[in-house]
Amino acid sequence: MKVYNTLTKRKEEFVPLKEGKVSMYVCGPTVYNLIHIGNARPMIVFDTARRYMEHKGYEVNYVSNFTDVDDKIIKKAIEEGVSAQEISERYIEECKKDMAGMNVKPATTHPQATQEIDGMISMISTLIEKGYAYAAEDGTVYFRTRQFKGYGKLSHKNLDDLRGGNRSLLVSGEDQKEDPLDFVLWKPKKEGEPSWPSPWCDGRPGWHIECSVMSKKYLGDEIDIHAGGEDLIFPHHENEIAQSEACNGTEFAKYWLHNAFLNIDNRKMSKSLGNFFTVREISEKYDLQVLRFFMLSAHYRSPLNFSADLMEAAKNGLDRILNTVSNLTFLSGKAKDAELNAQEQEKQAELASYETKFDEAMDDDFNTADAIAAIFELVKFANTEVNGESSKAWIDAVKQKIVELSDILGLIVEKEEELLDADIEKLIEERQAARKAKDFARADEIRGILLEKGIVLKDTREGVKWERA
Ligand code: AMP
Ligand code: ZN
């Protein structure tokens with residue numbers, strides 16, 4: 001498997017630090033609003049990378065944070081007259097709902113900045129001890145950027161160019177910095193803001209330090225993959241590298257993966273410009289599986305444009321797969337022969353070739369666009385090579401392959417069959433009979449079967465009633 005590494009600007013063979021295991025950190029959202037479809041892009045593409053690596057047999061430890069203390073959260077809290085914690089908790093819950101809708105797996109750990117303050121104070125203290133950070137008079141702690149020799153290696157920036165650029169950005173408080181390049185690790189509290197005690201002043205952490213601390217705590221000093229949107233390369237990820245490597249004395253992350261931006265109608269999408277859609281808005285019009293399909297139809301490092309037409313095209317594409325799978329389910333139920341016939345046996349190698357194509361695409365820096373093209377070829381194959389004369393074994397094998405490959409991309413293409421009302425009534429009758437015969441084990445079993453299909457039973461005076469949950 002090859003991945004493009006922003007650090008080396010090359011596609012490299014992926015070799016994990018520990019055989020069979022992958023440690024991966026993905027910078028998560030700042031939770032002050034419903035997430036927008038731009039935020040959804042890293043969630044979907046890196047969830048897909050995770051799923052593919054799991055498919056290849058790796059055990060993936062996937063950590064993604066929620067930034068739950070930040071100026072924007074505090075601003076929103078003040079506007080609503082509630083605490084910052086109330087805002088962040090609300091939007092973490094909402095974010096998790098959107099993730100579930102997009103079939104993004106929960107991370108192994110979802111740490112939150114406000115729960116990790118001790119770790120941040122400890123890392124900042126180490127950086128001060130090692131001479132990489134200093135406290136100014138008002139208690140602000142800065143990272144001594146020039147002290148870290150590798151600064152600029154991820155964004156491929158030259159320190160002197162940065163200095164030129166930064167000088168014009170001098171703002172209040174900057175005069176206490178030793179160097180304009182230095183960045184904040186800890187800042188003093190302002191009236192009405194959440195704060196924590198520290199050796200330097202009551203205050204709160206800067207943004208960059210949280211990821212260095214959480215990555216160290218949940219994944220260790222050295223990790224395989226660190227990922228996020230390309231806007232994070234500088235300064236966020238550059239600063240994370242400086243903090244972590246200065247503190248730990250080892251290389252922070254081996255591979256740095258960055259997704260390109262999602263634009264709207266060929267314009268940069270941003271909350272400040274007001275031209276953005278939340279995932280929730282999209283969910284009112286489409287199944288979020290369509291949004292997932294749309295995101296994966298482009299390579300994650302290519303800019304992607306969002307428009308109503310392209311979403312319609314994505315819906316049609318996904319429907320093509322869904323229809324074929326549903327047709328195969330229908331044919332399987334009607335098939336006369338169980339075993340493969342001679343002609344089907346001959347076609348087995350061709351069936352397998354689509355999976356090879358899929359894997360080759362995904363092995364090439366998670367090329368989901370080509371992986372989807374391989375699924376479409378397989379769908380075409382299904383539509384020509386499976387018909388009313390096919391054996392059940394053949395129909396099921398073809399269907400299974402489509403479902404399996406789609407599943408690696410996190411696309412659910414097989415709808416759970418719903419129980420018909422008549423089937424439910426029949427099972428309830430059987431349960432009543434079992435209870436009469438004092439076969440409570442069977443009665444419970446039937447209740448369980450129904451519950452699995454979302455059918456809830458209620459024993460009432462008028463008899464057993466049921467409803468779909
Ligand atoms: P934020 O909440 O702004 O910190 O963003 C959370 C994640 O979403 C980061 O990885 C960003 O790089 C990413 N992101 C934000 N906007 C976009 C966009 N328009 N396209 C792609 N990724 C984005
Ligand atoms: Zn981060």
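Keep in mind that this is a model prediction, so the values were computed, not measured. All ligand and atom numbering here is 1-based and tracks the order in the structure.
Under the 3.5 Å distance criterion, the side-chain polar atoms of Asn5 are left unmatched by any main-chain donor or acceptor of Arg10.
By the 4.0 Å N-to-carboxylate-O rule, Lys18 lies too far from Asp224 to be salt-bridged with it. Looking at Lys153 and Glu245, a side-chain N of the basic residue comes within less than 4.0 Å of a carboxylate O on the acidic one, giving a salt bridge. The existence of a salt bridge linking Arg280 and Asp98 is confirmed by a sub-4.0 Å separation between a basic side-chain nitrogen and an acidic carboxylate oxygen.
Checking Asn248 against Lys216 by side-chain atom types alone, a donor-acceptor pair falls below 3.5 Å. Looking at Glu12 and Thr8, their side chains do bring a donor and an acceptor atom within 3.5 Å of each other.
Only the side chain of Leu232 comes within 4.0 Å of ligand 1, counting heavy atoms alone; its backbone N, CA, C and O stay farther away. Of the heavy atoms in Lys268, none comes closer than 4.0 Å to ligand 1.
Ranking the protein heavy atoms by distance from atom 13 (C) of ligand 1 puts Pro42 CG, 3.7 Å first. Among all non-hydrogen protein atoms, the one lying nearest atom 16 (N) of ligand 1 is His36 CE1, 3.4 Å. Protein heavy atom nearest atom 10 (O) of ligand 1, with residue, atom name and distance: Gly229 N, 3.0 Å. Here the heavy atom of the protein found nearest to atom 14 (N) of ligand 1 is Gly38 O, 3.8 Å. The protein heavy atom nearest to atom 20 (N) of ligand 1 is Leu262 N, 2.9 Å. Protein heavy atom closest to atom 12 (O) of ligand 1, with residue, atom name and distance, is Asp231 OD1, 2.4 Å. Protein heavy atom nearest atom 8 (O) of ligand 1, with residue, atom name and distance: Asn39 ND2, 3.2 Å. Taking atom 4 (O) of ligand 1 as the reference point, the nearest protein heavy-atom neighbour is Thr30 OG1, 3.7 Å.
Interface atoms of ligand 1 facing Asn259, defined by a heavy-atom separation under 4.0 Å, are 21 (C), 22 (N). When each atom of ligand 1 is checked for a heavy atom of Ala260 under 4.0 Å away, the hits are 21 (C). Near Pro29, meaning under 4.0 Å from any of its heavy atoms, are these atoms of ligand 1: 2 (O), 6 (C).
The aromatic rings of His55 and Tyr52 sit tilted, their planes meeting at an angle between 30° and 60°.
Excluding waters, the set of protein N/O/S atoms under 2.8 Å from the Zn ion (ligand 2) reads Cys27 SG, Cys211 SG, His236 NE2, Glu240 OE2.
Checked against the 6.0 Å centroid threshold, Phe183 and His208 count as a close aromatic pair. You'll find the ring centres of Phe366 and Phe46 outside the 6.0 Å limit.
Residue Phe261 holds the heavy atom nearest to atom 17 (C) of ligand 1 of all those in Phe261, Trp207, Tyr32.
Side-chain atoms of Met102 and Leu288, non-hydrogen and from C-beta on, do get closer than 4.5 Å to each other. Between Asp363 and Lys56, some side-chain heavy-atom pair lies under the 4.5 Å cut-off.
Taking each heavy atom of Pro111 and Ser64 in turn, the nearest pair found is CD-O, 3.5 Å.
For the salt bridge (Lys or Arg N to Asp or Glu O under 4.0 Å) condition, the pairs that include at least one residue of residues 100-123, sequence neighbours left out, are Glu54-Lys105, Glu116-Lys217.
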